[in-house]
Amino acid sequence: MLELKEKIVKYIEESPKGKRKFANIVDALNMHSDEERTELSNMIDDLEKDWIIMKGESGQYYTREQAGIVEGRISINKAGMGFVDMEDRDSIKIDAKNQNSALHGDIVLVKCHPWQTYGEVLKVVKRARNHIIGTYVQTKRGLRFVPDDEKLQDKAIRIVKSDTFVPIDGMKVVCDILAYGKTLSVQVAKEIGYKDDPGVDILSVLLEHDIHSEFPEEVTEQVKTIPQEVLEEEKIGRKDLTNVITVTIDGDSSKDFDDAVSVCRIDGGYNLKVSIADVSNYVTEGSPLDQEAFQRGCSTYVTDRVVPMLPHELSNGICSLNPHVVRLTLTCDMKVDFNGNIYDYTIYPSFIRSTERMTYNNVNRILDGDETLQQEYAHLGDLFFVLRDCADAIRKQRVHKGAIAFDSTESEIIVDKNGHPIDIRPRLRGHAEEMIEDCMIAANVCVANFMKWQEIPSVYRIHEEPQPKRIKEFVRISELMGHKLVLGKGDIHPNEIQKYLDSVSDTEEYPVLSMMLLRCMQKAKYENACVGHFGLAEEEYLHFTSPIRRYPDLIVHRMLRKYSFEGCLDLSERKQDEEKCAEYAEQSSVREKASTDAEYDCDDMKKAEYMLDHLGEKAEGIITGVQPYGFYVQLDNTVEGLVSVNYMHDDFYSYDQDRMQLIGNHSRRVYRVGMRVKVACLDANKNKGEIDFVIVGKSGKICKPTRGRKRSTTSRKRVFPRRDGRRSHGRKKR
């Protein structure tokens, strides 16, 4: 059956137009009997149902490619416009009327020939969501269910009544989607709580992105069977590193420690050991724990909580490299010369006893000469100074190869016991944070190199070079700001990007230029093929160092165990694992995006909530983007808001698209990217995560909008989409 379908598709692919009718296929495949023709007809029907081929009006058959049909994930913005991103062409735009019941995040089939800009959804292949979150709101017509997702608020929704649920004004609920279409049919499945209850806001955002804190019963039952101490038989076949001085270095509030480091000087350089918790020893393939970890994909870090990939009994217990207790690990043992070159490495199963649980703050203070802390940790010798020298050499070598160092400042949001934000500030990174990042990247590169050349099935972390169109646009904007980015002919090289960043690092516009350039980069993702990492200038790269909080790392450990440590030689198993790794990579990329989106949404919501307490206050910021409807300003504390042209009543401002700036028609006053301006907070919307600023005049007077002036209804779309690099909590999302 499969062979016949492949023959049909191959014939249609290779035959000229006019020779693709049913009779042509009958002749080509020599299937003339009634029985054969019936079989052929059934196969063609199956292929049509799956949209692999389709029949035109003239009776001619076409493959997807011939018919201009592509598959992709649809994104729908707040204005209702859909976009399907393509690797080899510009994104396909899809008007609301042509979305055919597709919702944001769905995998869809779209008809759009290469020469067309707009397309039409033909079929939803896979639904991204089976539930929606919303709030019951009292209106003149009674209680109304309002979805939290703005993209669904204009959609017709039919609530299927339940005998056990009684709606209350302000109640937040989870609704299962029973039927899709022009009208969504939904039924209340769970009450979340009242919208103003502490923590309900964050919980709602997490559930909106299908991130659940509770674990299924079968997972909790499996966890009960896992010992919380390393058994003697589990040490067999592992290298004993318990007598080696080894430390974990993490944030002050961290509770799960999945990486530890040890280093000493040797002739010609350093011996650096990076030991990672062997989570694969406890999370076995196909077990309830494994299935749940696969569904989650990663841990999610939001403002006031962590939703872990694994239950706390593992993430904070037996899999965490807690101090002074034995833990199972996989170690990447590297020889590094004084120039930062890794000239030899081995990877082996091991067990360690972490000597100390260190924090970034304390290590930074030790490096800065804090004598009290140096004395407290004197039993560690000169470990941190040797580690600093080794890591600095590795970083220097990586930069020499062309790795890009973007300036992407994270936000640190401080909340009270009720989850209300009381302070927002940039998250500072010291030398210790950089040291650990350097060590982890080095280990990831070594393991990727090993997996690739041993042809072991794996999940790689890839980062492709930026699309020329995006870089060309950035070059234009940069020149308008007075900074020239010179690129060679042909492919873009990371060292060209880094040289440019170095050239503008001392300018006032550097933070904006770095942020804009980062947003021009393609998004890093997971693949089962090794195609390199542009941003790190590495030919081989993967994630090995965080198996407690990332599923791809767990898979890398599992494959190392199976094919390297245990020596599996079964070629059929290898092929099956390669196919599984493709599935693991796709799921991990999807869940990583959901996790990152939830983190962004929570940050935006809490920043808006914070600014509600600071209405009318003045502050300086830098313009990060300009649009026809206004410009975005980021304050020094990382809060970003919009100055709408509707609130700029001192003049009528026109948008200069070529220069991406707003110009006053009479005053000729200019607002452009990179300018510092003084603003005051006019308004904030916590539910939408939006903040409105107004310009403060030279006299210090706040330019408030005049009465009757309407707010812009234009979608507040950013100039550049957000890209990878945020919310790493001390570890860059490389």
Side-chain angles (χ1 to χ4, degrees), residues 238-250 257-278 321 323 327 329-358 360 363-364 366-367 377 380-401 403 430-451 533 536-538 540-547 553 556-557 560 564 730-732 734:
R238 294 175 178 270
K239 189 169 183 178
D240 184 353
L241 299 179
T242 54
N243 292 322
V244 177
I245 293 178
T246 305
V247 297
T248 60
I249 308 177
D250 294 271
F257 315 123
D258 48 15
D259 56 82
V261 292
S262 174
V263 67
C264 62
R265 288 190 176 91
I266 57 174
D267 290 341
Y270 313 92
N271 180 197
L272 172 65
K273 294 182 178 68
V274 173
S275 295
I276 308 299
D278 188 1
L321 306 182
R327 289 290 185 258
T329 50
L330 299 187
T331 297
C332 182
D333 194 329
M334 296 165 276
K335 302 292 196 310
V336 185
D337 67 24
F338 288 124
N339 293 320
N341 296 295
I342 302 171
Y343 61 88
D344 190 22
Y345 68 81
T346 55
I347 304 164
Y348 49 80
S350 57
F351 57 98
I352 69 167
R353 182 186 291 109
S354 173
T355 315
E356 290 290 349
R357 177 273 202 261
M358 300 299 299
Y360 293 126
V363 173
N364 281 323
I366 288 172
L367 294 175
Y377 295 106
L380 300 178
D382 60 354
L383 173 70
F384 301 116
F385 295 95
V386 178
L387 184 63
R388 177 197 61 191
D389 295 344
C390 177
D392 286 355
I394 290 172
R395 177 171 289 254
K396 187 176 179 180
Q397 177 60 26
R398 196 168 71 247
V399 170
H400 177 73
K401 285 166 48 178
H431 209 145
E433 287 90 339
E434 291 183 348
M435 284 160 41
I436 290 300
E437 180 182 65
D438 295 333
C439 294
M440 297 307 118
I441 290 175
N444 288 338
V445 170
C446 290
V447 175
N449 177 269
F450 182 81
M451 302 288 272
H533 196 294
L536 291 173
E538 294 290 353
E540 299 106 9
Y541 195 68
L542 51 64
H543 279 164
F544 163 76
T545 54
S546 294
D553 306 53
V556 168
H557 284 218
L560 271 173
S564 181
R731 313 273 167 73
K732 291 283 186 184
R734 294 289 195 175

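Side-chain contact check for Tyr377 versus Val247: every heavy-atom pair is 4.5 Å or farther apart. Between Ile366 and Met358 the shortest side-chain heavy-atom distance falls below 4.5 Å. Residues Phe450 and Ser564 form a side-chain contact, since some pair of their non-hydrogen atoms from C-beta on lies under 4.5 Å apart. For the pair Arg398 and Val445, the minimum side-chain heavy-atom distance is 4.5 Å or more. Counting heavy atoms from C-beta on, the side chains of Ile249 and Leu387 come closer than 4.5 Å. Between Glu437 and Arg395, the closest side-chain pair of non-hydrogen atoms falls below 4.5 Å. At least one side-chain heavy atom of Ile347 sits less than 4.5 Å from a side-chain heavy atom of Leu560. Asn444 has its side chain within reach of His543: a pair of non-hydrogen atoms, C-beta onward, lies under 4.5 Å apart.
Residues Tyr343 and Asp267 come closest through the heavy atom pair OH-O, 4.3 Å. Considering all non-hydrogen atoms of both residues, His557 and Ala277 come closest at CE1-O, 3.4 Å. Here the closest non-hydrogen pair linking Ala393 and Phe338 is CB-O, 3.6 Å. In terms of heavy atoms, Ser262 sits closest to Val244 at OG-CG1, 3.1 Å. For Pro349 against Leu330, the heavy-atom pair with the smallest separation is CA-CD2, 3.8 Å. Residue Ala537 comes nearest to Ala403 through the heavy atom pair CB-N, 3.7 Å, listed as atom of the first residue, atom of the second, then distance.
Here the side chain of Thr355 pairs a donor or acceptor atom with the backbone of Thr246 at under 3.5 angstrom. In terms of modelled atom types and a separation under 3.5 Å, the side chain of Asp382 and the main chain of Val386 share no donor-acceptor contact. Side-chain atoms of Asp337 never come within 3.5 Å of backbone atoms of Gly269 as a donor-acceptor pair (strictly under, hydrogens ignored). The closest donor-acceptor contact from the side chain of Asp258 to the backbone of Ile276 lies at 3.5 Å or more, if one exists at all.
Side-chain atoms of Ser275 and Thr329 form no donor-acceptor pair, as typed in the model, at a separation below 3.5 Å. One side chain, Asp333 or Tyr348, offers a donor N or O that lies under 3.5 Å from an acceptor on the other.
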With side chain to side chain contact (heavy atoms under 4.5 Å, CB included) as the criterion, how do Met435 and Val261 come out once you've worked through the C-alpha distance, each side chain's angles and the decisive distance to 0.1 Å? CA-CA 10 Å; Met435 284 160 41; Val261 292; over 6 Å; no
For Ile436 and Asp259, what are the C-alpha separation, side-chain angles and deciding distance, and is it a side chain to side chain contact (heavy atoms under 4.5 Å, CB included)? CA-CA 9 Å; Ile436 290 300; Asp259 56 82; 4.3 Å; yes
In sequence, state the C-alpha distance, the side-chain angles, and the governing distance for Ile394 and Leu272, and then conclude on side chain to side chain contact (heavy atoms under 4.5 Å, CB included). CA-CA 11 Å; Ile394 290 172; Leu272 172 65; 4.0 Å; yes
Criterion side chain to side chain contact (heavy atoms under 4.5 Å, CB included) on Lys401 and Leu536, from CA distance to verdict: CA-CA 9 Å; Lys401 285 166 48 178; Leu536 291 173; over 6 Å; no
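The distance from the SG atom of Cys264 to the NZ atom of Lys273 is 5.5 Å, given to the nearest 0.5 Å. Here the straight-line distance linking atom CE of Met334 with atom CD1 of Ile342 works out to 5.5 Å at 0.5 Å rounding. Taken to the nearest 0.5 Å, the CG atom of Asn364 stands 8.5 Å off from the NE2 atom of His431. Taken to the nearest 0.5 Å, the CD atom of Glu434 stands 10.5 Å off from the CD1 atom of Ile441.
Between His533 and Tyr541, the ring planes lie perpendicular to each other; the angle is over 60°, past the 30° to 60° tilted range.
Screening Lys335, Gln397, His400 for a side chain to side chain donor-acceptor pair (under 3.5 Å) with Asn341, the sole residue that qualifies is Gln397.
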